[in-house]
Amino acid sequence: MDVYGLLGNPVGHSLSPPMHEAAYDELGLEARYVTFEPEPDDLEAAIEGAAALGISGLNVTIPFKRDVLEYVAVDDLASRIGAVNTIDFSGDVPTGHNTDASGALRAIERGDVDLEGARATLVGAGGAGRAIAFALSDAGATVEIANRTESTAHDLAEEVPGASGHGLEDLATLVPDSDVLVNATSVGMEADVSPVPAEALHADLVVMDAVYRPLETRLLREASEAGATTIDGAWMLLYQGVDALERWTGEEAPVEAMNGALRSGL
Ligand code: NAP
């Protein structure tokens, strides 16, 4: 029996267990996916304990994504982002990876867009924004980062090749010239509001919202009304799990089964 899990605090409402266990069932793997809630001071002990107990893989979520960098061998992408969401225990030492970034990219690619040379506007420069900024840049897009706290956008843009920083007011002029638009702020979760002026949206855009509760945010509704291709936040959540599972098991993930389990929990 292989054991995988999620390390975070709190993790009570996570959709990862049903999503991963649907994959194990589909693939006929004898495995379980469980949640762990260590106290922040016990993070190092938790990772050492997981390795000692033979746990095969862990996802990592709030508040541990940054702190975990100290305790695992981090790959280049996760190191540049400064966050790990997936730990692989199969080698001599635990290794840390960032499948939020690779998963976001796979989600955006559902929009059938060639990111090499594409113009991307990214709203938000927090944890999700950092991962998506590096992912888009690595895929060859130029990335215009707009953030409420403009200085954070400039700071992130300095780290990301081909990126520039902006305040949110620049969205009115950036979005009409963009091929891809990603919302990586929490705007749209609590209230029916959008971080992007509706007039700036257009039919040649691929729009992804990282927010997955609700699935259809105001941004996606208005983008759809403008004729844009829309990708909801559950796709990003799905593909970060797909990439983690493929890394851990070496199997091709049963994407449909995982997607069904995820969406039935939303
Ligand atoms: P975070 O690190 O706290 O960053 C929050 C971001 O939202 C910052 O850029 C912040 O701007 C901005 N923001 C917050 N309130 C705002 C407001 N009222 N107006 C304008 N901007 C505002 O959070 P995070 O982890 O990046 O998560 C951001 C969103 O992505 C959340 O909704 C989360 O659920 C979602 N997410 C989804 C996935 C997925 O797999 N689909 C993965 C990770 C996160 P300031 O810098 O100015 O504060």
Side-chain angles (χ1 to χ4, degrees), residues 6 8-11 13-16 19-20 59-68 78 81-86 97-111 121-136 143-157 159-160 163 165-172 181-197 207-220 230-245 255 258-259 261-263 265-266:
L6 174 65
N9 198 338
V11 288
H13 297 294
S14 172
L15 296 166
S16 290
M19 176 170 71
H20 282 272
N59 286 131
V60 182
T61 189
I62 291 166
F64 300 130
K65 283 186 186 185
R66 296 187 74 86
D67 293 348
V68 93
I81 294 168
V84 159
N85 81 319
T86 298
H97 312 275
N98 194 307
T99 69
D100 284 330
S102 56
L105 214 52
R106 282 178 79 170
I108 292 165
E109 283 165 355
R110 289 187 63 84
T121 295
L122 170 65
V123 196
R130 283 189 68 85
I132 295 168
F134 282 101
L136 286 168
V143 191
E144 308 290 346
I145 306 166
N147 197 50
R148 176 178 62 178
T149 308
E150 190 175 340
S151 58
T152 314
H154 288 295
D155 291 346
L156 177 56
E159 295 180 57
V160 177
H166 303 267
L168 294 180
E169 65 284 357
D170 287 359
L171 287 169
L181 169 66
V182 178
N183 174 42
T185 73
S186 47
V187 177
M189 264 178 89
E190 303 292 337
D192 189 37
V193 289
S194 167
V196 180
V207 183
M208 184 175 84
D209 202 329
V211 171
Y212 54 87
R213 278 197 176 104
L215 268 181
E216 194 190 50
T217 56
R218 181 163 183 161
L219 169 62
L220 292 190
T230 60
I231 298 156
D232 66 49
W235 291 110
M236 175 175 165
L237 190 58
L238 171 72
Y239 284 114
Q240 64 74 32
V242 163
D243 278 6
L245 181 127
V255 173
M258 294 174 76
N259 190 35
L262 173 63
R263 284 176 192 270
L266 280 170

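In listed order, ligands and their atoms are each counted from 1. FYI, side chains are in, hydrogens and waters are out, and symmetry mates aren't considered; it's all heavy atoms of this structure.
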Q.
Testing the basics here: between A210 and M236, what is the closest heavy-atom pair and its distance to 0.1 Å?
A.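 In this case the closest contact between A210 and M236 is CB-SD, 4.1 Å.
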**Q.** R213 side chain near L266 side chain, heavy-atom distance below 4.5 Å
**A.**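 Side chain of R213 against side chain of L266, heavy atoms only: contact under 4.5 Å found.
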Q: Starting at CZ of R106, measure out to CG of L238 and round the result to the nearest 0.5 Å.
A: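 The CG atom of L238 is 8.5 Å from CZ of R106, to the nearest 0.5 Å.
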**Q.** Near ligand 1, at a heavy-atom separation below 4.0 Å: residues by chain and residue number
**A.** G124, A125, G126, G127, A128, N147, R148, T149, L168, A184, T185, S186, V187, M189, A210, V211, Y212, G233, M236, L237
(Q) With side-chain contact (heavy atoms from CB on, under 4.5 Å) as the test, pick out the partner of M208 among L220, V182, L181, L122. (A) V182
Q: Please step through side-chain hydrogen bond (donor to acceptor under 3.5 Å, both in side chains) for the pair S102 and D243, ending with a clear verdict.
A: CA-CA 7 Å; S102 56; D243 278 6; 2.6 Å; yes
Q. Any chance the side chains of N59 and S16 put a donor and an acceptor closer than 3.5 Å?
A.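 There is no such pair between these side chains.
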